[in-house]
Every structure is written in C-alpha cells, then in structure tokens.
Amino acid sequence: MRKSKTKGFDYYLTKETIGRYRQKPPELRLKWLYMGNLLRMGYSKSVKDIQDKFREGK
C-alpha cells in the first residue's frame, strides 16, 4: 500500500495480476464477493463503522 495524497488509501496491482484475475470464471469471482459480504455481515456495528471510516479516509 502507498500513502495517497487524498484521503483513504490505494494500492498497486501489476497488469499480470489483473490479467490472472480476469481469467478466473465470473462464478468464482462472484463467490469471492459473496463470501466477503457474509464475513462482513458477522462483524459488529462498531467494526463496520471503523472499516467505513477507513475507506473514507477519516
């Protein structure tokens, strides 16, 4: 991760990494998103609030 000049954060992925991800079947990519959403649903409200503030750069 690099510090961004704006709020929040950003990160760098190589073209090769993005290419490998794009080669994965859409069903698998959707499953990853779904599993991440299920995990987040189990977090307490305070943890979700902290994550949201981090994403917003606050």
Side-chain angles (χ1 to χ4, degrees):
M1 263 194 291
R2 297 181 287 143
K3 281 198 173 188
S4 175
K5 293 179 179 145
T6 60
K7 293 182 177 182
F9 67 95
D10 64 0
Y11 55 95
Y12 175 80
L13 296 173
T14 64
K15 289 182 181 181
E16 293 80 18
T17 301
I18 294 170
R20 285 194 309 268
Y21 175 78
R22 292 179 77 189
Q23 289 174 351
K24 303 292 183 196
E27 294 84 7
L28 179 60
R29 292 186 271 162
L30 286 171
K31 186 176 182 179
W32 288 340
L33 290 172
Y34 176 72
M35 291 170 66
N37 190 37
L38 287 178
L39 181 65
R40 181 172 161 87
M41 286 172 56
Y43 293 165
S44 66
K45 179 168 176 17
S46 63
V47 170
K48 289 179 189 178
D49 290 343
I50 291 168
Q51 283 184 332
D52 291 340
K53 287 180 183 178
F54 180 72
R55 288 183 181 130
E56 295 169 6
K58 294 181 180 177

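Treat the numbers as computed from the prediction; the structure is a model and nothing was measured.
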Give every residue pair that meets the salt bridge (Lys or Arg N to Asp or Glu O under 4.0 Å) criterion with at least one member in residues 22-32, sequence neighbours excluded. none
Suppose the criterion is salt bridge (Lys or Arg N to Asp or Glu O under 4.0 Å): which pairs have a residue in residues 11-20, not counting sequence neighbours? none
Would the number of heavy atoms belonging to other residues, nucleotides or ligands and lying under 6.0 Å from NZ of K48 be above 12? yes
Mind listing the side-chain donor-acceptor pairs of residues 34-43 below 3.5 Å, one per line with the distance, residues two or more places apart or on another chain?
{"from": "R40", "atom 1": "NH1", "to": "Q51", "atom 2": "OE1", "distance (Å)": "2.4"}
{"from": "R40", "atom 1": "NH2", "to": "D52", "atom 2": "OD1", "distance (Å)": "2.9"}
{"from": "R40", "atom 1": "NH2", "to": "D52", "atom 2": "OD2", "distance (Å)": "3.4"}

